There are 2 protein chains.
Amino acid sequence: MEGTPTSRAERRRRSEERILSAARAIFAERGFQRTTIRAVAAAAEVDPALVMQYFGSKQELFEQAVRIPSIPPLDGELEPVEELLGRIGMKMGPLPQATVAMMRSMLTHPDAAEEVRGRLDAQVAQLAGALDAGDAELRAALMVSTMLGVTIAHQLLGLTALRDASPERIAETLRPALRALADG
Amino acid sequence: MEGTPTSRAERRRRSEERILSAARAIFAERGFQRTTIRAVAAAAEVDPALVMQYFGSKQELFEQAVRIPSIPPLDGELEPVEELLGRIGMKMGPLPQATVAMMRSMLTHPDAAEEVRGRLDAQVAQLAGALDAGDAELRAALMVSTMLGVTIAHQLLGLTALRDASPERIAETLRPALRALADG
DNA sequence: TCGTTGAGTCAACAACTGTTGAGCGAAGCC
DNA sequence: GGCTTCGCTCAACAGTTGTTGACTCAACGA
């Protein structure tokens with residue numbers, strides 16, 4: 001019977017992973033407040049108390065569930081605009097659940113808001129460094145905001161006009177706008 | 001003593017207005033889930049039961065508090081781009097609390113999500129009608145999404161790079177991007 | 001084999017939530 | 001003045017929530 005491991009460490013690892021996976025899914029679907037530990041536990045087929053025992057609190061569970069690798073540095077080769085579009089291009093397929101969970105909570109959960117703001121600020125700074133003219137930071141911020149808006153409208157809100165558009169077509173249509181922002 | 005009206009109808013009207021005003025403020029600040037009827041009642045200096053008596057349920061209170069005049073039809077005179085920017089221009093000052101409440105809740109409250117999606121869809125359709133080329137709807141959707149993203153980043157998230165930029169400068173910097181989307 | 005450890009459960013607490021029904025007191029009407 | 005109406009409050013219920021402590025039992029190390 002390889003399927004059901006009886007090793008202690010292995011069982012623990014798997015339970016923890018099942019919990020984290022369930023948490024990501026439910027946080028992504030409902031956001032922080034509407035997600036209950038009981039619901040996560042049920043989805044992970046585990047007792048609610050176990051979730052507490054492993055993660056200490058709902059907040060801790062959230063933090064660990066949405067922990068995401070930080071934004072990779074700008075690829076010096078590609079143009080910033082193409083870099084951004086590429087990220088969208090990839091992200092126009094389903095976003096990682098951790099990202100969705102983070103975004104879904106960012107307007108109603110102060111900690112998520114601060115985390116997202118921090119990451120976007122960083123991305124703005126990074127992007128601004130790759131632009132030239134004087135108000136690079138403002139233009140970078142507007143580029144990032146545009147990406148944010150399109151992602152929200154497409155992935156979280158499901159705007160009808162965007163729902164059936166292919167990622168490539170979106171990226172392609174968006175390109176001139178981003179370029180206009182990049183060039184000033 | 002004009003300040004404290006003793007007329008029944010007048011008292012009722014004022015209480016209802018105080019409740020709605022408090023509700024708008026707190027819904028705008030915390031979103032639907034994190035807003036409690038008790039908090040609204042306290043802010044309105046009223047008993048929680050009164051809120052129920054007047055509005056029937058928390059959901060009803062929310063709906064009445066965020067009720068907003070629907071989007072005015074596109075002014076045929078102005079170009080669509082300028083029209084949009086104008087609205088942003090106004091909205092770059094503080095947004096109406098009802099709007100903020102709606103937006104703050106839209107990612108975590110299904111009803112708010114549907115309402116916002118509906119309004120944005122309508123705005124897209126309206127805008128698409130004013131553009132010419134083939135994929136007008138997609139481009140209109142991206143214009144609206146851009147506005148959405150900038151508004152969120154600026155008003156709800158407080159991106160540092162946007163926080164200290166004047167509405168005019170934002171609108172001005174954004175114009176070429178929107179125009180690029182509008183012209184195809 | 002046996003005591004220890006730790007994964008996992010069970011039942012409960014305490015706080016908070018939306019919501020309700022009975023009741024008080026003053027404004028309105030005759 | 002007396003009856004009615006209704007704005008408003010009080011106290012409570014019932015469900016849900018995060019969280020906890022005692023407990024069970026199988027894996028583990030000697």
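Note on naming: letters A, B, ... go to the chains in the order of the sequence lines (proteins, then strands), and numbering restarts at 1 for each one. This structure is a prediction, so every number in the text was calculated from the model and none was measured.
- Taking atom CG of B:Leu50 as the reference point, atom P of C:dG21 lies 16 Å away to the nearest angstrom.
- For the atom pair CE of A:Met102 and OG1 of A:Thr99, the computed distance is 9.0 Å after rounding to the nearest 0.5 Å.
- Residues B:Leu142 and A:Thr146 fail the side-chain proximity criterion, which asks for heavy atoms closer than 4.5 Å.
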Can you give one letter per nucleotide of nucleotides 15-28 of chain D, 5' to 3': B if a protein heavy atom sits under 4.0 Å from the base, S if only from the sugar-phosphate, - if neither? --BBBBB----BBS
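- Screening residues 119-131 of chain B for salt bridge (Lys or Arg N to Asp or Glu O under 4.0 Å) gives B:Glu115-B:Arg119 as the qualifying pairs, with residues at least two apart or on separate chains.
- At the phosphate of D:dG7, neither OP1 nor OP2 sits under 4.0 Å from any side-chain N or O atom of B:Tyr54.
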Identify every side-chain donor-acceptor pair in residues 41-50 of chain B under 3.5 Å, counting partners at least two apart or on other chains, and give the distances.
{"residue": "B:Asp47", "atom": "OD1", "partner": "B:Ala49", "partner atom": "N", "Å": "2.8"}

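- In this structure, the CZ atom of A:Arg14 is 12 Å from the P atom of C:dG8, given to the nearest Å.
- Classification of B:Arg179 and B:Asp183 as a salt-bridged pair fails, no side-chain N sitting under 4.0 Å from a carboxylate O.
- Salt bridge status for B:Glu10 with B:Arg14: present, with a side-chain N to carboxylate O gap under 4.0 Å.
- Atom-to-atom, CZ of A:Arg13 to P of C:dG8 comes out at 12 Å; the value is rounded to the nearest Å.
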